[in-house]
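A quick note: this is a predicted structure, and the numbers were derived from the prediction, not measured. Residue numbering restarts at 1 for every chain, and letters A, B, ... go by the order of the sequence lines.
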There are 2 protein chains.
Amino acid sequence: METRISEIEKWEQFLREKGYKLTPERRVVLEEIFSHHGHFHAEELYRRIKSRRKRKVSLATIYRTLPLLVESGIIREVMRCEGRGIYEHIWGEKHHDHLVCMRCGKVIEFYDERIERLQQDICKKYGFHPVEYRLGIKGYCQECQSKVK
Amino acid sequence: METRISEIEKWEQFLREKGYKLTPERRVVLEEIFSHHGHFHAEELYRRIKSRRKRKVSLATIYRTLPLLVESGIIREVMRCEGRGIYEHIWGEKHHDHLVCMRCGKVIEFYDERIERLQQDICKKYGFHPVEYRLGIKGYCQECQSKVK
DNA sequence: ATCAGTGCAAAGGATTTGCATTACA
DNA sequence: TGTAATGCAAATCCTTTGCACTGAT
């Protein structure tokens, strides 16, 4: 049976390995991210922390922390929407990909084991050490197809 | 035997369908894009046109044209690098995906028929009408793996 | 002739950064 | 204690936009 360390343990481990410090801010950011499911962006995370946590974290620190979380494999940038980076936490989650409707903005998440395996095959073939997979398909969802010019 | 219309014909057709005009600027942008292979961003395209073409095109027009070219399926945004959108032309090209090294920035293009098919399967399953597929894998290339902390 | 398209320069907006201050290790 | 991290505000920088002018249909 596979045991997986928690996101906070992963975070601590990553920071320690890199010689970074585990500050209260970094802890709060992680906690807040894992207190919700779904997608978020920097500004939104900032507002959530501001309204729900004792320890406030500045937007600058959020922006400085997100790349570290990505590097550690705890979150990833899923896509970019209206100029903003959209993230989701992936630690402890089953990997999945996205269908994004270009008209209504709806996001359908899907998982396909075969695609996952093929991606790994590709990396092996090129001797590439993957950190982040990202498959996104843009188009029109069932409801919107008839409404597009 | 499959015949495919040229990029300029495709461009004309798209603009006509949408009721847009084929201006000299739009023509030059398309021509310049197809005069090179590989990736480009807005600023770079602007400079290329400025130095190589009689008809200059402003950066604003470039920025207004790129989304139309994406919408028409002639080019696509491949990724985002240092805050900039990176594009490539896809009309008449075999679809492919990318491995991007997080250390040296090297981009490996690959093509896998099975992945293409699976993506189509997924869309069918969800009744989704795809416009743009994008699979990118970030990580470390063979040379860089040993150099990462 | 009309109305979309263009260039210019100014505006916008997400993200980054310099610097003084704070606080982990 | 020393050095990295934080907060603030200013700076960046890609991209968008308002407006007057030009030109394609």
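- Distance, A:Y87 OH to C:dA14 P: 13 Å, rounded to whole Å.
- When the C1' atom of D:dT1 is taken as reference, atom NZ of A:K21 falls 11 Å away, rounded to whole Å.
- A donor-acceptor contact under 3.5 angstrom links the side chains of A:Y111 and A:E113, judged on distance only.
- Distances shown here put a side-chain N or O of A:T23 below 4.0 Å from the OP1 or OP2 atom of D:dT6.
- The side chain of B:A60 lies closest to C:dC8 when the candidates are C:dT15, D:dT15, C:dC8.
- Taking 4.0 angstrom as the limit, B:T61 places a side-chain polar atom (N or O) nearer than this to OP1 or OP2 of C:dG7.
- The aromatic rings of A:Y140 and B:H129 lie parallel to each other, their planes meeting at an angle below 30°, with 60° marking the opposite boundary.
- Among the protein residues, A:R16 comes within range of no part of the nucleic acid, since none of its heavy atoms lies under 4.0 Å from any strand.
- The CZ atom of B:R26 sits 6 Å away from the C1' atom of C:dG5 (whole-angstrom rounding).
- Exactly one residue among A:R53, A:R55, A:K50, A:K56 makes a salt bridge (charged side-chain N to carboxylate O under 4.0 Å, His left out) with A:E32. That residue is A:R53.
- Ion pairing between B:E71 and B:K18 holds under the 4.0 Å rule for side-chain N and carboxylate O.
- As a whole-Å value, the separation of B:Y20 OH from C:dT6 P is 12 Å.
- Classified by interplanar angle (parallel below 30°, tilted 30° to 60°, perpendicular above 60°), the ring pair B:F14/B:W11 is parallel.
- Map A:R55 and B:G85 each onto its nearest nucleotide of DNA chain D; the residue landing nearer the 5' end is A:R55.
- Summarising the geometry, the separation between OH on A:Y46 and P on D:dG7 is reported as 9 Å, rounded to the nearest angstrom.
- Between B:L15 atom CG and D:dT25 atom P the separation is 10 Å, expressed in whole Å.
- Applying the 4.0 Å criterion to OP1 and OP2 of D:dC14, one finds that A:R84 has every side-chain N and O outside that range.
- Toward the 5' end of DNA chain D, the nearer of the two residues B:E25 and A:R64, judged by each one's closest nucleotide, is A:R64.
- We find that NZ of A:K56 is positioned 19 Å from C1' of C:dT22, with the value rounded to whole Å.
- Remark: B:Y63 is not in phosphate contact with D:dT16, judged by side-chain N or O atoms under 4.0 Å from OP1 or OP2.
- For the pair B:L59 CG and D:dT15 C1', the interatomic distance rounds to 8 Å; values are reported in whole Å.
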